[in-house]
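Input: a single structure, listed below in structure tokens.
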Amino acid sequence: MPPALGPPSLRSSMSDLHHDISHDQYAVRSKKLEEMRAGGFDPFRANAQQTHFSAEALKAHVDGQDNTVSVKVAGRLVVIRDMGKSQFVKILDQEGQIQLYVKKDVIGDEPYAAFKKIDLGDIIGAEGTLFKSKTGEVTVRVEKYTLVSKALRPLPEKWHGLTDSEQVYRQRYLDLIVNPESRARLMMRSRIVASIRQTLASRKFIEVETPVLEGVAGGAAARPFVTHHNALGSDFYLRIALELRLKRLLVGGYDRVFEIGRIFRNEGVSRKHNPEFTMLEVYQAYSDFQGMMELIKAIFHDLCREVIGTFEIKHAASGEMINFAGDWRTVRYFDLIDAAVGFKLSELRSAPDYAARATEAARTLGLDIHSGWQPFEIVNEIFSKKIEPTLIQPTFVTHLPKELCPLAKLNQEDAGLIDVFELCIGGMEVAPAYSEQNDPFVQRQMFEQQAGEEQQKMDTDFLLALEHGMPPAGGMGVGIDRLCILLTGAESIRDVILFPSLRPSDAK
RNA sequence: GGGUCGAUAGCUCAAUGGUAGAGCAGCAUCCUUUUAAGUUGUUGGUUCCGGGUUCGAAUCCCGGUCGACCCA
């Protein structure tokens with residue numbers, strides 16, 4: 001089609017003005033597709049073979065022996081450098097990019113003319129031999145190619161990529177195509193989860209799946225999402241934790257179980273919170289919270305060795321290097337509190353003016369303390385605002401007040417404390433673990449005696465299970481999203497979730 | 001839920017209240033080893049939506065939508 005000629009004022013009177021679609025990339029690409037179909041070729045009915053991913057092909061080249069190894073590769077065209085009768089192009093597949101050299105006198109006049117009409121973003125398959133270009137890049141000398149999918153819309157800009165955060169999240173596929181850091185980071189998440197599964201499997205843990213829809217949303221203190229089952233005629237809650245189901249399996253004789261599953265909390269969205277997120281929960285019979293220390297270290301060590309490739313990771317917020325090798329610090333909760341407030345607040349725990357002294361201490365630190373708060377809530381405010389953010393290196397915080405968790409065993413020496421740890425890394429809670437409460441009477445009491453704003457729902461069916469006898473066990477929860485933030489140096493939970501929760505918006 | 005900031009071409013970004021521009025992409029041209037390839041020319045705009053102020057609004061004001069950050 002000839003381009004419109006003359007200045008706009010002249011052209012506006014020309015009858016074929018509305019045929020000028022050169023500025024409309026969707027129209028240009030649609031037209032190319034139509035022409036191909038009219039000529040008897042439909043890319044959407046074609047396919048290609050893939051003998052090598054890009055990275056495998058790059059490795060398959062034998063140095064000094066060009067054009068001896070044949071490969072079939074496939075992927076999306078992301079770079080085109082057209083030099084008239086030959087072109088260097090690059091395709092992107094799961095493992096990265098590889099360069100193709102398409103030469104007119106190799107593939108023939110007609111296929112070459114057709115290749116010239118291929119657009120950035122189209123998906124092709126190509127076969128040929130590997131060689132090293134003048135500049136040293138391993139490249140496929142293309143002998144044959146097939147267009148296997150037409151992209152009707154253009155890719156975002158090649159150099160700056162896609163920066164608009166809304167589009168990055170809503171159209172993650174574009175982010176994955178043009179932003180290599182996003183690809184690498186989200187790919188890393190898959191490898192992290194795979195590594196954890198492997199570590200647990202090697203220790204004879206059984207992976208299970210438990211219901212997302214529950215009659216009682218227990219195991220944590222959080223507002224649940226509610227939904228309705230029509231046939232059963234009743235409301236259900238989306239689970240807020242995995243704990244109570246997995247403990248029922250301990251009762252059932254599964255001694256080592258774990259689940260990696262999505263849980264849902266109907267609360268705010270922030271850099272560290274997504275309404276649905278992924279939790280690993282592990283339960284091991286005849287172990288305890290100290291056994292979980294050993295297990296979480298093993299999980300981290302395997303991750304460092306096999307996925308991250310280093311035992312030192314830079315903490316994005318502080319710039320400090322987090323060291324996962326060697327011994328991890330273990331410290332009592334109240335030792336940290338005492339150090340933060342500057343006096344032995346812990347020794348006043350049974351004193352009548354404990355709440356007043358704790359409030360005073362917290363306010364001295366600049367914290368906003370509500371009048372109705374329980375003492376443990378005041379102290380925990382100090383912990384979460386003033387202490388937790390400073391715990392950059394891996395730290396097991398132990399001997400927490402019992403009110404913070406009704407599902408853990410009480411400490412033998414001090415019944416006001418529980419046998420648990422809270423693993424903090426990079427200023428975040430990464431993994432809580434307990435010696436699990438298995439006394440049905442104490443468990444019932446703990447549910448009933450809950451105080452403060454965040455109370456767990458009592459699951460009476462769970463208590464029934466405990467009455468049948470649950471073996472002593474260590475249990476642990478690991479927030480997979482936060483773990484990924486930590487290990488990938490991401491700034492936001494949205495950067496480690498493929499499709500983070502956003503307000504619905506009308507698609508264009 | 002509150003506060004701050006943002007939304008301009010397909011993408012990345014400009015534009016004292018006074019004709020909305022550039023780079024990439026697109027279209028056309030030259031080029032058979034390029035590396036953000038290069039060359040010559042060129043198309044493309046409901047400035048997020050709805051009101052208001054003004055001779056005149058991308059720009060100022062009000063409301064809304066969506067997003068980011070901070071706080072709860």
Side-chain angles (χ1 to χ4, degrees), chain A residues 1-8 11-12 14 16-32 66-67 77-90 97-109 112 115-122 128 130-142 151-171 174-175 177-180 223 266-273 317 366-370 381 384-385 453 491-495 500-508:
Chain A
M1 189 197 61
L5 300 171
R11 275 190 288 121
S12 63
M14 293 164 69
D16 64 343
L17 172 66
H18 61 281
H19 291 307
D20 179 11
I21 55 162
S22 67
H23 63 275
D24 183 344
Q25 303 192 42
Y26 182 85
V28 168
R29 287 163 181 245
S30 298
K31 189 156 170 280
K32 286 181 182 175
D66 281 355
N67 300 317
L77 265 170
V78 289
V79 173
I80 296 177
R81 299 194 190 100
D82 183 355
M83 289 170 300
K85 294 182 184 65
S86 75
Q87 303 188 23
F88 281 99
V89 305
K90 283 187 178 178
Q97 299 186 358
I98 187 165
Q99 181 166 264
L100 313 180
Y101 184 47
V102 184
K103 219 173 155 186
K104 187 175 181 179
D105 53 21
V106 173
I107 66 169
D109 289 359
Y112 191 78
F115 194 85
K116 284 215 148 202
K117 292 189 176 170
I118 288 180
D119 292 302
L120 275 178
D122 289 357
L130 295 169
F131 74 101
K132 210 169 229 180
S133 76
K134 240 183 203 171
T135 51
E137 179 164 353
V138 174
T139 303
V140 180
R141 181 176 178 273
V142 175
L152 295 175
R153 296 185 186 277
L155 288 176
E157 204 231 14
K158 62 182 172 188
W159 187 239
H160 299 93
L162 192 62
T163 63
D164 176 42
S165 55
E166 187 172 357
Q167 217 174 343
V168 164
Y169 300 141
R170 288 195 200 279
Q171 292 181 276
L174 293 178
D175 176 49
I177 294 166
V178 299
N179 294 334
R223 278 170 56 197
N266 203 342
E267 290 163 2
V269 175
S270 81
R271 237 152 40 95
K272 289 182 182 170
H273 300 86
L367 295 171
D368 191 15
I369 301 301
H370 297 207
E381 181 74 2
S384 57
K385 291 285 161 57
E453 290 183 345
E491 292 183 355
S492 163
I493 196 168
R494 284 181 288 259
D495 295 334
S501 300
L502 294 179
R503 275 200 177 77
S505 105
D506 297 328
K508 283 175 190 170

Produce the list of close N/O pairs, under 3.5 Å, pairing protein atoms with atoms of nucleotides 21-23 of chain B; give distances to one decimal.
from  : atom 1 : to     : atom 2 : distance (Å)
B:G23 : N2     : A:E157 : OE2    : 3.3

A:V89 or A:R503: which one's nearest nucleotide on RNA chain B is closer to the 5' end?
-> A:V89
Give a yes/no on whether any side-chain N or O of A:R29 is located under 4.0 angstrom from OP1 or OP2 of B:G26.
-> no
Report which part of the nucleic acid A:Q87 touches: base, sugar-phosphate, or nothing (heavy-atom distance under 4.0 Å, all strands).
-> nothing
Please check if atom NZ in A:K117 has more than 12 non-hydrogen atoms from other residues, nucleotides or ligands closer than 6.0 Å.
-> no
Sequence neighbours left out, what passes ring-ring contact (aromatic ring centres under 6.0 Å, His included) with A:Y169? Give chain and number order.
-> none
May I have the distance from A:I21 (atom CD1) to B:C27 (atom C1'), rounded to whole angstrom?
-> 10 Å
What does A:Y112 touch in the nucleic acid at a heavy-atom separation under 4.0 angstrom: a base, only the sugar-phosphate, or nothing?
-> nothing
Nearest-angstrom distance from the residue atom CZ of A:R141 to C1' of B:U34 = 16 Å
Nearest-Å distance once atom P is located in both B:U59 and B:G18 = 11 Å
Classify the nucleic acid contact of A:D24 as base, sugar-phosphate or nothing, counting any heavy atom under 4.0 Å across all strands shown.
-> nothing
Measure the distance from CD1 on A:I80 to C1' on B:C31 and round it to the nearest whole Å.
-> 16 Å
In whole angstroms, how far is the P atom of B:A36 from the CD atom of A:Q99?
-> 11 Å
What's the CD-P distance between A:Q167 and B:G10, to the nearest Å?
-> 11 Å
Report the residues that fulfil salt bridge (charged side-chain N to carboxylate O under 4.0 Å, His left out) with A:R170, sequence neighbours left out, ordered by chain and then residue number.
-> A:E166
Stems involving RNA chain B: give each as a range paired with a range, ordered by first number, where a stem means at least three consecutive Watson-Crick or G-U wobble pairs under 3.5 Å.
-> B:1-7 with B:65-71, B:10-13 with B:21-24, B:26-28 with B:40-42, B:48-52 with B:60-64
Whichever of A:H23 and A:D119 has the more 5' nearest nucleotide on RNA chain B, that residue is A:D119
Would you classify A:S133 as touching base, sugar-phosphate or nothing, given that sugar-phosphate means primed atoms plus P, OP1 and OP2, and contacts are heavy atoms under 4.0 Å?
-> base
To the nearest angstrom, how far is A:Q171 atom CD from B:C11 atom C1'?
-> 11 Å
Please state whether the phosphate of B:C66, meaning OP1 or OP2, lies under 4.0 angstrom from any side-chain nitrogen or oxygen of A:R170.
-> no
Roughly how far apart, to the nearest Å, are B:G45 and B:A20 at atom P?
-> 13 Å
Applying ring-ring contact (aromatic ring centres under 6.0 Å, His included) to A:F88 and not counting sequence neighbours gives A:Y101
Looking for any heavy atom pair under 4.0 Å, which part of the strands does A:G161 touch: base, sugar-phosphate only, or nothing?
-> sugar-phosphate
Can you find an N or O donor on one side and an acceptor on the other, under 3.5 Å apart, linking the side chain of A:D105 with the base of B:U32?
-> yes
Hey, does A:K103 reach any base, or is it just sugar-phosphate, or nothing, if we go heavy atoms under 4.0 Å?
-> base
B:U32 to B:U47 separation - C1' atoms, rounded to the nearest Å | 44 Å
In whole angstrom, give me the gap between the P atoms of B:A14 and B:A57.
-> 24 Å
Counting heavy atoms not belonging to A:E491, are there more than 12 under 6.0 Å from its CD?
-> no
Distance, C1' atom - from B:C61 to B:U54, rounded to whole angstrom = 12 Å
Report which part of the nucleic acid A:K32 touches: base, sugar-phosphate, or nothing (heavy-atom distance under 4.0 Å, all strands).
-> sugar-phosphate
Give A:V79 one of three labels, base, sugar-phosphate or nothing, depending on what nucleic acid heavy atoms sit under 4.0 Å from its own.
-> sugar-phosphate
Answer with base, sugar-phosphate or nothing: what part of the nucleic acid does A:L155 contact at a heavy-atom distance below 4.0 Å?
-> nothing
Could you work out the separation of B:C70 and B:C55 based on their C1' atoms and round it to a whole Å?
-> 42 Å
When rounded to whole Å, the CG to P distance for the pair A:L77 and B:G26 reads 11 Å
Side chains of residues 154-162 of chain A: which donor-acceptor pairs under 3.5 Å do they make with residues two or more places apart or in other chains?
from   : atom 1 : to     : atom 2 : distance (Å)
A:E157 : OE1    : A:H160 : N      : 2.8
A:E157 : OE1    : A:H160 : ND1    : 2.6
A:E157 : OE2    : A:H160 : ND1    : 3.3

Look at the side-chain N and O atoms of A:K158 and state whether any lies under 4.0 Å from the OP1 or OP2 oxygen of B:A37.
-> yes
Which is true for A:Y169 with a 4.0 Å heavy-atom rule: it touches a base, it touches only sugar-phosphate, or it touches nothing?
-> sugar-phosphate
Mind checking A:R271 for me? I need base, sugar-phosphate or nothing, with any heavy atom below 4.0 Å counting as a touch.
-> sugar-phosphate
Figure out the CG/C1' separation between A:N179 and B:U12, and round it to whole Å.
-> 11 Å
